[in-house]
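Reviewing the structure listed below.
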Amino acid sequence: MGVPVDERLEKSELEFYNILVDRIFSTLRVCVPGIIQEFDPTSQTATVKVAIREQVRQENLEYKWTEIPLLLDVPVVFPRGGGYVLTFPVKQGDECLVVFSDMCIDAWFSLGGIQNQIEKRRHDLSDAIAIPGLWSQPRVLKDYSTKHVELRNEDRNQFIRIKEGAIDLVAPSVRVNGVNMTTQEAYSEWIDGGGKVDE
């Protein structure tokens with residue numbers, strides 16, 4: 001039967017390896033929830049606050065809950081392909097999923113195409129990418145449809161709903177080429193009459 005590692009090493013050696021492992025894992029980033037602090041619609045990048053504090057070992061070897069510095073110039077993901085894109089008006093306070101690239105993304109982000117790494121780094125805070133759409137339990141959606149596909153606002157008083165045999169467009173004003181196709185009365189009748197319910 002093998003002898004456990006902690007019994008084979010001197011106490012000082014074991015502490016050294018514990019510190020080494022802790023340091024490696026404290027710099028290895030994968031993904032984490034974040035909160036948008038600012039969004040730049042021109043560059044389509046964001047400043048993001050990491051939503052979870054981290055226990056960081058101090059010089060005295062004690063641990064302290066520490067906030068991660070703000071992530072700057074973070075590319076934001078929107079569904080895009082084939083010449084089409086779905087955009088959202090990203091706002092301060094929106095929650096998101098932040099993933100950290102396996103390699104340095106600087107050259108690719110600036111130039112596109114296939115690029116060499118400007119700097120050899122892995123899973124670094126500098127290589128964050130924000131994906132809007134992840135949310136915590138205090139922000140769960142009300143009136144979530146389990147039957148239909150919907151493009152909606154959070155209050156679900158304006159939405160496009162695709163269901164078998166029909167597409168519902170619900171809003172105070174539905175314009176086609178600038179021409180209003182509905183009335184406030186028709187909208188109020190729909191919403192007040194149960195239009196927010198799966199039907």
Side-chain angles (χ1 to χ4, degrees), residues 29-53 68 70-102 105 108-113 125 127-199:
R29 308 292 173 178
V30 181
C31 65
V32 68
I35 302 172
I36 302 288
Q37 303 298 299
E38 185 179 358
F39 177 71
D40 182 348
T42 302
S43 64
Q44 284 114 59
T45 60
T47 299
V48 182
K49 180 80 171 173
V50 172
I52 300 176
R53 296 186 188 93
I68 305 298
L70 285 175
L71 306 177
L72 307 177
D73 300 318
V74 178
V76 179
V77 175
F78 297 100
R80 180 176 183 174
Y84 296 89
V85 62
L86 178 62
T87 64
F88 313 110
V90 178
K91 303 293 185 188
Q92 181 181 13
D94 284 350
E95 294 174 314
C96 62
L97 177 66
V98 183
V99 297
F100 300 93
S101 176
D102 187 49
I105 65 172
W108 166 82
F109 187 58
S110 298
L111 304 172
L125 288 172
D127 301 309
I129 299 168
I131 306 173
L134 178 69
W135 56 80
S136 56
Q137 285 299 294
R139 300 193 64 181
V140 294
L141 295 173
K142 296 179 180 178
D143 298 319
Y144 187 97
S145 175
T146 60
K147 299 178 181 178
H148 314 118
V149 175
E150 291 188 340
L151 176 61
R152 51 170 279 189
N153 63 357
E154 291 187 359
D155 293 332
R156 201 177 180 232
N157 54 23
Q158 298 178 57
F159 57 87
I160 300 172
R161 176 168 64 190
I162 302 175
K163 58 184 182 180
E164 188 68 30
I167 298 176
D168 294 323
L169 281 76
V170 177
S173 176
V174 177
R175 292 192 292 255
V176 178
N177 294 330
V179 178
N180 189 13
M181 306 301 289
T182 188
T183 64
Q184 180 65 46
E185 291 76 14
Y187 170 73
S188 298
E189 181 180 352
W190 172 271
I191 289 296
D192 296 339
K196 296 175 71 174
V197 181
D198 277 336
E199 292 179 345

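Reckoned from all heavy atoms, side chains included, excluding hydrogens, waters and symmetry mates.
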For [X] against [Y], the heavy-atom pair lying closest together:
{"X": "Cys96", "Y": "Ala130", "value": "SG-CB, 4.2 Å"}
{"X": "Pro172", "Y": "Thr182", "value": "O-CG2, 3.6 Å"}
{"X": "Asp94", "Y": "Arg139", "value": "CA-NH1, 3.7 Å"}
{"X": "Thr45", "Y": "Phe39", "value": "O-CD1, 3.5 Å"}
{"X": "Thr42", "Y": "Asp40", "value": "N-OD1, 2.9 Å"}

Determine whether [X] and [Y] make a side-chain contact, defined as any pair of heavy atoms from C-beta on separated by less than 4.5 Å.
{"X": "Ile36", "Y": "Gln92", "answer": "no"}
{"X": "Glu95", "Y": "Ser136", "answer": "yes"}
{"X": "Arg29", "Y": "Ile68", "answer": "yes"}
{"X": "His148", "Y": "Ile162", "answer": "no"}

Expected list for residues 71-89: side-chain donor-acceptor pairs under 3.5 angstrom, two or more places apart:
none

- Item | Reference residue Asp168; test salt bridge (charged side-chain N to carboxylate O under 4.0 Å, His left out); the match among Lys163, Arg156, Arg152 |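 Only one of Lys163, Arg156, Arg152 forms a salt bridge (charged side-chain N to carboxylate O under 4.0 Å, His left out) with Asp168, namely Lys163.
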So how far is it from [X] [atom1] to [Y] [atom2], rounded to the nearest 0.5 Å?
{"X": "Asn153", "Y": "Phe159", "atom1": "CG", "atom2": "CZ", "result": "9.5 Å"}
{"X": "Ile35", "Y": "Thr47", "atom1": "CD1", "atom2": "OG1", "result": "13.5 Å"}
{"X": "Asp143", "Y": "Glu154", "atom1": "CG", "atom2": "CD", "result": "12.5 Å"}

- Looking only at atom types and distance, does a side-chain atom of Asn180 sit under 3.5 Å from a main-chain N or O of Ser173, one as donor and one as acceptor?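 No, Asn180 side chain to Ser173 backbone: no donor-acceptor pair under 3.5 Å.
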- Query: Which residue, Ile52, Val48, Leu134, forms the side chain to side chain contact (heavy atoms under 4.5 Å, CB included) with Val32?
  - Reply: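 So, applying the side chain to side chain contact (heavy atoms under 4.5 Å, CB included) to Val32 and each of Ile52, Val48, Leu134, only Ile52 qualifies.
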- Qualifying residues under ring-ring contact (aromatic ring centres under 6.0 Å, His included), relative to Phe109, sequence neighbours excluded: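 So Phe109 forms no ring-ring contact (aromatic ring centres under 6.0 Å, His included) with any residue.
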